[in-house]
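Fair warning: this is a prediction, and the values are worked out from it, not measured in the lab. As a basis for the values below, the full set of heavy atoms in this structure was taken, side chains included, without hydrogen atoms, waters or symmetry mates.
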Amino acid sequence: MRINRYILPLLALGCLFSPLSAFGEWTSPIPVQAEADAPCTLLPFPQKVEWKKGTLPCGKTVSITGDTKGRMVKTASKALTKEAAEFGKGGAAPLAVNLKIDSAATAPENAAEGYRLTVDAKGVSIAAAKEAGLFNGLQTLRQMVAGGKKGIPFCEIQDWPAFRMRGFMHDCGRNFQTIESLKRQLELASRFKVNYFQWHMTDHPAWHVQCKCRPVLNDPSKRTRDKDDTYSYDQIRELFRYAADRNIQIIPELDMPGHSSYFDRCFGFKMHSEEGMKVLEELLDEFCKEIPKEICPIVHIGADEIRIPNAKEFVKRMSDFLIARGRIPAQWGGPRDLPVGEDSISQRWGEGGEMVEKSLKPETIKCHSFDSTIGYTNLFDPGLLVRRYFFMRPCGSAKGDELKMGVMICNWPDARVEDKRNIARHSAQWPGMLAMAERAWLGGEADGDALPCHMPAADSPAGQAYSRFEQRLMKMSRTILKGEAFPYWTESTVSWTVVGPVATAEADKNRDAVLKGEYGSLATQPSHGANLYLRTKPNTGCLGVMGKVKPGNTAWAVTTIDSPKAGEMPFMIGFDAPARSSRRWSGVPKNGEWSQCGCRIWVNGAEIKNPRTYKLAGERQSKGDTWTSPLNEMPYDDEEIWWAQDPTKLPLKKGANTVVVEIPYVGEFQSWGVSLIPLFKQGK
């Protein structure tokens with residue numbers, strides 16, 4: 001994995017108790033009343049919407065007229081027809097939809113994707129300057145049809161994206177994913193107006209692209225994973241066309257000269273040698289001949305995490321080679337990468353607090369760039385990841401411009417994955433993508449960088465905005481994304497009093513007082529959200545409400561959980577999990593314990609032992625990173641990923657229950673904190 005790219009701190013790396021006074025000042029770009037009045041669930045929410053009285057009945061059939069010839073429009077229209085057949089009402093008239101390409105239907109920003117949608121008693125009309133706008137309007141209408149129990153609400157919507165790039169990336173070089181699986185993901189992503197897919201196709205284990213000029217690159221004996229899996233050029237072209245029909249541009253990434261040990265195994269020389277560069281030119285030439293520039297205008301060459309003596313020469317030679325074939329080169333643009341070519345797009349990431357902070361400052365963006373500094377979906381726990389994506393500002397800006405293209409979220413499951421369904425199960429791929437789609441579409445002036453670790457109170461403007469978003473997020477998990485792995489649960493119903501820290505050697509002296517609620521001289525602070533992050537691992541930026549506290553300390557988290565009845569009530573409970581790239585973590589708990597770090601839970605004064613029985617009890621602890629270790633060839637077990645496990649039940653009484661969690665901080669291999677999510681408060 002891109003090892004140091006994982007160090008993704010927020011504006012501050014944290015402090016003992018960070019000031020909370022300003023956090024509630026963040027406000028959503030969505031008018032509060034517009035979302036509160038919304039009679040249907042839309043994500044991303046439109047830039048401007050006026051809800052009107054009345055609804056349009058939706059029958060089981062659709063009549064679509066106007067500008068219907070484009071491939072994107074045909075794809076979305078066909079899907080809308082299926083939506084109506086499933087969700088429409090029998091006996092209602094066919095849903096009348098008129099589509100119009102209208103140069104006057106411009107949007108304030110990114111007019112090519114903007115649209116105007118009107119619903120009244122006559123039917124639905126969608127106007128846009130370009131076909132992509134019609135496609136986006138149809139996606140909004142599809143959400144209305146799928147979520148409208150009483151019909152489609154009358155409204156006037158004028159909508160456009162704040163950023164022209166809203167993308168996601170998969171590392172298929174380390175863990176091959178089939179074309180069928182990628183198609184499914186592209187279709188679902190397009191439902192939320194995601195419009196770029198970065199296809200990382202080569203990495204240390206293999207070159208997974210068909211190679212006619214150098215077939216040794218497809219030799220299973222040279223590969224270390226997914227040895228028989230290769231994307232044929234026919235399949236690659238097919239996926240490009242499939243994506244284009246859904247307003248998604250694919251950016252293929254052929255990583256060079258780093259992440260290429262397979263190349264050494266195949267040829268016996270390095271990519272950056274003269275012999276290696278000649279081979280790369282053959283490979284790029286073949287790829288460009290097979291995949292036309294009309295469908296593939298951008299080719300990503302990686303160029304990350306490596307130092308070579310001929311860096312400038314290598315970049316210029318590869319970039320010029322692509323430019324001569326009508327392509328725009330793209331590169332990773334971090335501090336450990338080769339210099340980004342003058343005519344290349346820079347994919348920004350950072351290394352350490354200072355570098356990450358600089359990469360997010362808009363004044364540092366001097367060339368066409370997109371933002372991947374916000375955290376990988378396989379890095380953080382789901383709660384922190386979704387918060388981070390929701391409150392971020394891509395490229396540090398309220399909206400994009402010519403140079404600030406947008407955002408690309410990435411999934412880097414470095415470790416071997418046998419069951420590829422676990423890529424989404426073990427990482428917050430879908431909830432993270434929806435949070436990114438919301439923010440990159442809407443943009444926003446407010447700077448919420450501090451909020452992922454310091455969740456605002458539920459009654460603050462920021463807390464209200466996040467709670468409303470959570471409700472829309474979960475609605476999509478039950479409708480459009482039904483059946484997909486969706487490891488996220490609403491957390492706005494839980495608030496904490498955080499007590500301490502004290503030196504762990506002093507914990508015994510203070511425990512009884514904390515259990516009685518007698519904090520005395522102990523430091524306390526409020527914190528919000530069922531996922532409480534005190535301090536994450538250093539390779540994730542030491543993020544948390546106690547970001548500067550070192551191991552050897554203990555803190556307590558106290559909350560009140562209201563239960564509608566007495567009995568065993570279900571929770572999702574977790575204390576630590578590894579990134580899905582490195583097993584740096586505290587390990588699977590021993591039976592009867594909550595973690596290998598000595599974490600404990602009391603409910604109404606009675607200590608509760610972990611009822612779960614682990615087959616890997618006491619195993620898998622790793623105090624260091626394992627990117628290059630044989631451990632990375634061992635697939636993750638569900639027991640290592642707390643959100644992939646079944647719920648745990650805690651005994652509650654009817655009414656208010658006091659829950660106290662003791663959390664020792666043992667070592668920097670540990671994510672210090674707790675997730676305690678009451679599943680019975682998740683709504684319908």
Side-chain angles (χ1 to χ4, degrees), residues 41-47 72 75-76 79 109-110 112-115 130-143 146 159-172 177 181-200 239-253 298 300 347 370-372 374-377 385-386 388-390 392 394-395 399-400 405-411 423-424 427-443 469 472-473 476-477 479-481 484-486 488:
T41 302
L42 300 178
L43 199 160
F45 203 81
Q47 295 279 5
M72 281 188 281
T75 298
E109 310 288 343
N110 297 316
E113 288 196 277
Y115 64 94
K130 301 288 185 180
E131 186 188 3
L134 292 181
F135 179 88
N136 287 329
L138 285 165
Q139 299 310 308
T140 298
L141 179 58
R142 290 178 67 192
Q143 291 187 4
D159 204 9
W160 65 91
F163 291 88
R164 69 182 188 272
M165 174 182 280
R166 308 169 302 280
F168 74 105
M169 188 226 76
H170 271 315
D171 175 4
C172 298
Q177 296 190 53
S181 173
L182 295 177
K183 281 184 176 180
R184 169 70 175 165
Q185 295 174 66
L186 291 171
E187 163 62 23
L188 291 172
S190 73
R191 297 292 306 272
F192 305 99
K193 304 182 179 70
V194 173
N195 68 340
Y196 274 84
F197 171 53
Q198 183 177 340
W199 194 3
H200 184 84
L239 194 67
F240 267 85
R241 286 190 292 266
Y242 185 91
D245 289 348
R246 288 154 181 79
N247 192 35
I248 294 177
Q249 177 63 62
I250 294 179
I251 300 176
E253 182 181 352
I298 303 171
H300 201 303
Q347 184 170 7
F370 56 94
D371 189 348
S372 291
I374 50 171
Y376 301 141
T377 63
L385 183 89
V386 172
R388 188 169 171 84
Y389 288 4
F390 179 79
M392 72 178 175
C395 299
K399 60 184 180 181
M405 299 173 64
V407 61
M408 184 76 70
I409 62 171
C410 305
N411 198 342
I423 293 173
S427 297
Q429 172 181 313
W430 288 115
M433 193 183 303
L434 268 59
M436 176 278 295
E438 171 91 354
R439 184 57 53 231
W441 183 271
L442 285 170
F469 170 73
R472 288 188 286 129
L473 183 74
M476 294 304 176
S477 76
T479 54
I480 294 173
L481 291 168
E484 299 297 318
F486 205 90
Y488 186 83

* Partner residues of Ala424 under the side-chain contact (heavy atoms from CB on, under 4.5 Å) criterion, sequence neighbours left out -> Gln429, Ala485

* **Counterpart residues, side-chain hydrogen bond (donor to acceptor under 3.5 Å, both in side chains), relative to Asn110 (two or more places apart)** => none

* Can you find a pair of side-chain heavy atoms, one from Phe45 and one from Glu438, that are under 4.5 Å apart? -> yes

* Structure fact -> Rounding to 0.5 Å, atoms CD1 (Ile248) and CD1 (Ile250) come to a distance of 8.0 Å

* To do: Can you sort out the partners of Gln139 under side-chain contact (heavy atoms from CB on, under 4.5 Å), two or more places apart, ordered by chain and number?
  => Ala76, Phe135, Arg142, Arg191, Lys193

* Is there side-chain contact between Thr41 and Met476, with at least one heavy-atom pair below 4.5 Å? -> yes

* Taking all heavy atoms of Arg439 and all of Pro394, pick out the closest pair and write down the distance. => CG-CD, 4.2 Å

* NZ/NE/NH1/NH2 to OD/OE distance under 4.0 Å, Arg164 and Glu109 -> no

* Between Glu113 and Asn195, is any side-chain donor less than 3.5 angstrom from a side-chain acceptor? -> yes

* Structure fact -> Between the SG atom in Cys172 and the CE atom in Met169, the distance rounded to the nearest 0.5 Å is 8.0 Å

* Whether Trp441 and Tyr115 hold their rings parallel, tilted or perpendicular, with breakpoints at 30° and 60° -> tilted

* **Distance, nearest 0.5 Å, that separates CG of Asp371 from CE of Met436** => 11.5 Å

* To do: Find out whether Asp159 and Asn136 are in side-chain contact, i.e. whether some heavy atom of one side chain is under 4.5 Å from a heavy atom of the other.
  => no

* Asked: Given the rule in the side chain to side chain contact (heavy atoms under 4.5 Å, CB included) test, do Ile251 and Phe197 qualify, once you have shown the distances and angles that lead to the verdict?
  -> CA-CA 6 Å; Ile251 300 176; Phe197 171 53; over 6 Å; no

* To do: Work out which heavy atom in Leu186 is nearest to a heavy atom in Ala243; give both atom names and the distance.
  => CD1-CB, 4.0 Å

* Asked: So, Arg166 side chain and Val407 main chain: donor-acceptor pair closer than 3.5 Å or not?
  -> no

* Under a 4.5 Å cut-off applied to non-hydrogen side-chain atoms, are Tyr196 and Asn247 in contact? -> no

* Structure fact -> Tightest non-hydrogen contact, residues Ala435 and Phe390, listed as CB-N, 4.1 Å

* Asked: Checking Arg246 against Tyr242: charged group under 6.0 Å from the ring centre and within 45 degrees of the axis?
  -> yes

* Nearest-0.5 Å distance that lies between atom CG in Leu473 and atom CG in Leu434 -> 5.5 Å

* Hey, does His200 have a side-chain heavy atom less than 4.5 Å from the side chain of His300? -> no

* To do: Please assess Ile409 against Met433 for the test side chain to side chain contact (heavy atoms under 4.5 Å, CB included), listing each intermediate value before the final yes or no.
  => CA-CA 7 Å; Ile409 62 171; Met433 193 183 303; 4.0 Å; yes

* Structure fact -> When every non-hydrogen atom of Val194 is compared with those of Gly167, the smallest separation belongs to CG1-CA, 4.1 Å

* To do: With side chain to side chain contact (heavy atoms under 4.5 Å, CB included) as the test, would you mind laying out the steps for Trp430 and Leu188 before giving the verdict?
  => CA-CA 9 Å; Trp430 288 115; Leu188 291 172; 3.5 Å; yes

* **Non-neighbouring partners of Glu131 that pass side-chain hydrogen bond (donor to acceptor under 3.5 Å, both in side chains), sequence neighbours left out** => none

* To do: Would you please test Arg472 and Leu42 for side chain to side chain contact (heavy atoms under 4.5 Å, CB included) and show each step?
  => CA-CA 7 Å; Arg472 288 188 286 129; Leu42 300 178; 5.8 Å; no

* To do: Nearest 0.5 Å please: distance from the CD atom of Glu187 over to the CG atom of Leu182.
  => 13.5 Å

* With sequence neighbours left out, what residues match Ser190 under side-chain hydrogen bond (donor to acceptor under 3.5 Å, both in side chains)? -> none

* Asked: Hey, what's the ring geometry for Trp199 with Phe240, parallel, tilted or perpendicular (30° and 60° as the breaks)?
  -> tilted

* Asked: Where is the tightest heavy-atom contact between Phe163 and Met405, given as atom of each residue plus distance?
  -> CB-O, 3.8 Å

* Partners passing side-chain hydrogen bond (donor to acceptor under 3.5 Å, both in side chains) against Tyr389 (at least two apart in sequence or in another chain) -> none

* SG of Cys410 to CD of Glu253: how many Å apart, nearest 0.5 Å? -> 8.5 Å

* Going by atom types only, do Gln185 and Gln177 share a side-chain donor-acceptor pair under 3.5 Å? -> yes

* Structure fact -> For Ala112 and Ala132, the nearest pair of non-hydrogen atoms, with its separation, is O-CB, 3.5 Å

